[in-house]
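One structure below.
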Amino acid sequence: MSTATDRTTPGGEAAGSTALPAWVAAGITFLCSGAVLVMEIVGLRLIAPYVGVTVQTSTAIIGFALAAIALGAWIGGAVADRADPRRLLAPLMVAGGALIVAVLPLVRFTGAALSGADAGGVLLLAAVAVVVPAALLSAVPPMVVKLQLASLSETGSVVGKLSGIGTLGGIAATFATGFVLVAILPSSVILVATGAVTALAGVAVAVLLRRVPGAGQLPASLLALAVVGGGLAAVAPTPCEEETAYHCARVVADPDRESGRVLLLDTLRHSYVDLEDPTHLEFQYVRAVAAVTDAVFAEGEPLSALHVGGGGLTVPRYLAEVRPGTESLVIEVDPGVVAMDREQLGLETSDELRVRVADGRVGLAEEPAGQRDLVVGDAFGGLSVPWQLTTLEAARLVDRALADDGVYAMNLIDHPPLSFVRAELATLREVFGHVLLLGRAPALAGEDGGNLVAVASQRPLPAEEIAAALAERDLEWQVADGEELERFVGDAGVLTDDFAPVDQLLTPYG
């Protein structure tokens, strides 16, 4: 009768002789688990230029990654009980690494063929970005566990140790990628490097196990896949001129205006800047914000302004031109966007036009109380205003930063039935004594979407003067006030830090 220590493998060898050196087992488990987490983090950035960054895109990436991990671990464990894992480790690692490299061109070719950020497109791109390579690499750790189990009496310690090492690999990859790599390398470089390291490690494992019959062999097709994947990555179309810490960004020239430039961040035309004429305001919502300043403040009066969200800094430049002496502080979360502003959009900062790289909510919390005549909210993360800037608590920070007669103008984007805009207005009305909504008639009727501008203050707002200023700027926008605004808001709930489902209210997939 055999004992637990003399059981045999499918190849007929004693179980104890199949174990890998401890450092090799630990290294393989650490690397494969870490590579999957790198893919999960970078995968979101990879699909963002095509479908934006929303809760749904994050959910899709995380969900597919977890599904791939579960599927790979399940199948890997089952296969390890039926075949010698030593013959599979190297091919799985090389294939997984090659497919990580191939993910880059696959996503870019697929993304370029999509139109719109519908749910199907999000799910398809998320699946392409992570599922197959993550499943292959997740099959490796259970195979390593199988090889290291020399005795049933050691099952708990072996499984626990390798599980812990795999988790540490995921943790290390998560922190290294999120805190270091994305700040110094483009996402494409991170992905290709991760795939290359994983594939080369697979080749090293093959060399290490070459004495095991069949274990040192790598199909030529796998090596060819790695080479082809790298070649496709080099020629795949990319919408990015520069991959910043937060966005896929590029600046394009306006063919109809020689000095006009458009800053695109992921899927959005974020800013329009005229390099020669800062008073040229191309986007309608920017003209609406300018109309508010025309109606509320005396002509030419310098202001103290805070801009939450920078982009191309169109409004700060405009105020500096038409209201000399205006002091503007711009809070922009993305240092890469600020660098593009300086290098391609002619931004020159000074004591009167300062830029601070920080999250908008953090910047608001650190603002001195009661000093700003104007706060402009124009921050967008992907398709929506970042949720932490939409809440009751954020509105209170804006109110604290404003002088007693200060004004808050907030750019909003929504789609019918405009549930997010209604909720945001309900939120602002909890804090400010006077609130208006500016937009096109179909949007105010809830029949169409696009940009709208909310205006809030503790002092009465001159609705008629604002409407006249909108008309003077060739805007067919209207002002909703009083009972009209009351009907528009209806029974919309107030957004709070505890509950702000902004992406769901936007219904981008409706």
Side-chain angles (χ1 to χ4, degrees), residues 20-46 61 65 68-69 72 76 85-86 88-108 129-141 143-144 162 165-210 215-234 236 243:
L20 299 170
W23 67 271
V24 174
I28 291 173
T29 303
F30 187 94
L31 175 62
C32 290
S33 300
V36 172
L37 267 294
V38 171
M39 287 189 62
E40 184 175 341
I41 295 172
V42 177
L44 178 60
R45 299 171 62 81
L46 199 61
I61 287 288
I69 292 169
R86 293 174 296 177
L88 300 173
L89 289 179
L92 281 173
M93 293 177 68
V94 172
L99 286 173
I100 290 176
V101 176
V103 156
L104 179 65
L106 285 174
V107 168
R108 287 182 171 172
V130 297
V131 169
V132 177
L136 289 177
L137 294 178
S138 296
V140 171
M143 293 187 175
V144 174
L162 290 175
I165 289 172
T167 301
L168 288 175
I171 292 172
T174 299
F175 280 98
T177 304
F179 279 86
V180 180
L181 295 181
V182 297
I184 61 176
L185 294 172
S187 299
S188 54
V189 173
I190 297 172
L191 206 60
V192 171
T194 300
V197 169
T198 305
L200 289 174
V203 173
V205 170
V207 172
L208 180 69
L209 297 176
R210 63 187 182 278
Q217 299 178 3
L218 285 173
S221 58
L222 291 182
L223 299 177
L225 176 62
V227 174
V228 171
L232 288 175
E243 292 182 42

Under a 4.5 Å cut-off applied to non-hydrogen side-chain atoms, are Val197 and Leu31 in contact?
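Heavy-atom side-chain distance check passes, below 4.5 Å.
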
So do Val205 and Leu20 actually touch side chain to side chain, heavy atoms under 4.5 Å?
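Leu20 does not reach Val205 side chain to side chain.
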
Partners passing side-chain contact (heavy atoms from CB on, under 4.5 Å) against [X] (at least two apart in sequence or in another chain):
| X | result |
| --- | --- |
| Ala196 | none |
| Leu44 | Thr57, Ser58, Ile61 |
| Thr29 | Ser33, Pro141, Val144, Leu162, Ile165 |
| Leu185 | Leu181, Val189, Ile190 |

How would you list, by chain and number, every residue that makes a salt bridge (charged side-chain N to carboxylate O under 4.0 Å, His left out) with Arg108, sequence neighbours excluded?
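Listed in chain order: Glu243.
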
Determine which pairs satisfy ring-ring contact (aromatic ring centres under 6.0 Å, His included) with at least one residue from residues 181-209, sequence neighbours left out, and list them in order.
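Residue pairs passing ring-ring contact (aromatic ring centres under 6.0 Å, His included), neighbours aside: none found.
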
Looking at Val192, Leu136, Thr194, Val38, which hits side-chain contact (heavy atoms from CB on, under 4.5 Å) with Ile100?
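So, applying the side-chain contact (heavy atoms from CB on, under 4.5 Å) to Ile100 and each of Val192, Leu136, Thr194, Val38, only Thr194 qualifies.
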
First locate atom CZ of Arg45, then atom CG of Leu191, and finally report the distance between them rounded to the nearest 0.5 Å.
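Result: 11.5 Å between the selected atoms.
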
Please give me the minimum heavy-atom distance between [X] and [Y], naming the atom from each residue.
| X | Y | answer |
| --- | --- | --- |
| Ala68 | Ala134 | CB-CB, 3.6 Å |
| Leu137 | Ala35 | CD1-CB, 3.8 Å |
| Ile28 | Met93 | CG2-SD, 3.9 Å |
| Val103 | Met39 | CG2-CE, 4.3 Å |

Side chain to side chain donor-acceptor pair (under 3.5 Å) contacts touching residues 89-104 (sequence neighbours left out):
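Every candidate side chain to side chain donor-acceptor pair (under 3.5 Å) pair involving residues 89-104 fails, so no pair, neighbours aside, qualifies.
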
Please list every donor-acceptor pair under 3.5 Å in which a side-chain atom of residues 166-176 meets a protein atom from a residue at least two apart or in another chain.
from, atom 1, to, atom 2, distance (Å)
Thr167, OG1, Ser163, O, 2.9
Thr174, OG1, Gly170, O, 2.7

